[in-house]
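Read the structure below first, then the notes.
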Amino acid sequence: MPISLSSASKALLATTATALCLTAAVLPVTASAQSSDTVRIRGTIVRVDANTLVVQDRGGEVVSLARPAEMAVSEVYRIKLSDIKRGSFIGTAAMPQADGTQKALEVVVFPEAARGTGEGHRPWDLLPQSTMTNATVADLAAAPKSVRGGQQLRLTYKGGEKTVIVPPDVPVVTFRPGTDALLVPGAHVLVNAQEKNGTPTALRVTAGRNGFAPPM
């Protein structure tokens, strides 16, 4: 029997300090404060219909969510490391390194319409101790020799900058508007959800096609 978000995700709600920010009518952005009771659910679709979205999260828990008519759907898809250019506005989940750099876990290259959204550096919940940086690529170069084939990015944002090392095997993705055709059982999704009027409710679904999982 599906477990509701209100019982299944209280611990996650308590520890999630920021929410995936939404670009109105366009695409999901990788991080910004939206509201303290918004939660990200990463998993696969179990069942979906006109009113309900049921997801098995990455811990194996089944979460049942109301699906409002205005729920947005976006598709995440892979692009090349070389698509990261000087001046690109990106978001990257990363792990802090002892030398002060960040080691990327994934990189999102945002479309121009999303430039500036969620700008800054903050904790993230992809992995324990992970961070999220939404910033402009001020400079890029080959990664250190120990990361053969990767890139080193100098990211600048209002009030600071970070150096991020992107290994060659790290997923680099972008987004486009999606359709309900993406919402099939077994599809990998990242769901932004919030309890509304006592009902766990999906706000936005980011889905991959043909088994591709949103890496953020």
Min side-chain heavy-atom separation Pro214-His188 under 4.5 Å
yes

Checking Glu106 against Val108 for the side chain to side chain contact (heavy atoms under 4.5 Å, CB included) test, could you report, in this order, the C-alpha distance in whole Å, the side-chain angles of both residues, the deciding distance, and whether it holds?
CA-CA 7 Å; Glu106 56 82 38; Val108 175; 3.3 Å; yes

Intermediate values then yes/no, side chain to side chain contact (heavy atoms under 4.5 Å, CB included), Val137 and Leu155:
CA-CA 5 Å; Val137 178; Leu155 304 182; 3.7 Å; yes

Report the distance from atom CG of Asn134 to atom NE2 of His121, rounding to the nearest 0.5 Å.
11.0 Å

So which atom in Ala138 and which in Thr156 form the shortest heavy-atom distance, rounded to 0.1 Å?
CB-CG2, 3.7 Å

Can a donor-acceptor pair be found between the side chains of Arg204 and Ser74 at a distance below 3.5 Å?
yes

Just so I know, are the side chains of Leu183 and Met71 near enough to count as touching, which here means a heavy-atom distance under 4.5 Å?
yes

Under 3.5 Å, is there a donor-acceptor pair between the side chain of Thr52 and the main chain of Asp49?
no

Heavy-atom closest pair, residues Thr136 and Gly87
CG2-O, 3.9 Å

Would you find a donor on one side and an acceptor on the other, under 3.5 Å apart, between the side chain of Arg115 and the backbone of Phe110?
no

Value rounded to 0.5 Å, distance of CG in Leu153 from CD1 in Ile84:
5.5 Å

Minimum heavy-atom distance Arg78-Val173, with the two atoms named:
CA-CG1, 4.1 Å

Taking Thr179 for its side chain and Ala181 for its backbone only, find out whether a donor-acceptor pair lies under 3.5 Å.
yes

The reported gap from CG in Leu182 to CG in Asn210 (rounded to nearest 0.5 angstrom) is 9.5 Å

Closest approach of Ala66 and Pro68, non-hydrogen atoms and distance?
O-CD, 3.4 Å

Ignoring hydrogens and angles, write down the donor-acceptor pairs under 3.5 Å from the side chains of residues 157-168, residues two or more places apart or on other chains.
residue : atom : partner : partner atom : Å
Glu161  : OE1  : Arg154  : NH1          : 3.4

Measure from the side-chain N and O atoms of Thr201 to the backbone N and O of Thr199, and report whether any donor-acceptor pair falls under 3.5 Å.
yes

Ignoring hydrogens, what is the shortest heavy-atom contact between Val109 and Thr174? Give both atom names and the distance.
O-OG1, 2.7 Å

Do Lys80 and Val172 come close enough that some side-chain heavy atom pair is under 4.5 Å?
no

Are Trp124 and Arg40 close enough, and set up right, to give a side chain to side chain contact (heavy atoms under 4.5 Å, CB included), and what steps lead you there?
CA-CA 11 Å; Trp124 194 242; Arg40 288 177 291 272; 3.4 Å; yes

Among the clusters formed by ILVMFWY side chains lying less than 4.5 Å apart, do Val170 and Val76 turn up in the same one?
no

Looking only at side-chain N and O atoms, does Thr131 offer a donor or acceptor that is under 3.5 Å from a partner on Gln102?
yes

Examine distances only and state if a side-chain atom of Gln97 and a backbone atom of Met95 form a donor-acceptor pair shorter than 3.5 Å.
yes

To the nearest 0.5 angstrom, please state how far the CZ atom of Arg176 sits from the OH atom of Tyr77.
5.0 Å

Here the pair of heavy atoms bringing Ala104 nearest to Thr92 is CB-OG1, 3.5 Å

Start with the C-alpha gap between Val55 and Val205, add the side-chain angles, then the distance that decides, and say whether side chain to side chain contact (heavy atoms under 4.5 Å, CB included) holds.
CA-CA 11 Å; Val55 176; Val205 179; over 6 Å; no

Are the side chains of Val147 and Gln152 in contact, using a 4.5 Å heavy-atom criterion?
no

Point-to-point distance, once rounded to the nearest 0.5 Å, from CG of Leu203 to CZ of Arg67
13.5 Å

Given Val107, Leu105, Leu190, the one that forms side chain to side chain contact (heavy atoms under 4.5 Å, CB included) with Met216
Leu190

Quick one: are Val63 and Pro200 in side-chain contact, heavy atoms under 4.5 Å?
no

Nearest-0.5 Å distance, CD of residue Gln129 to CG of residue Leu127:
10.0 Å

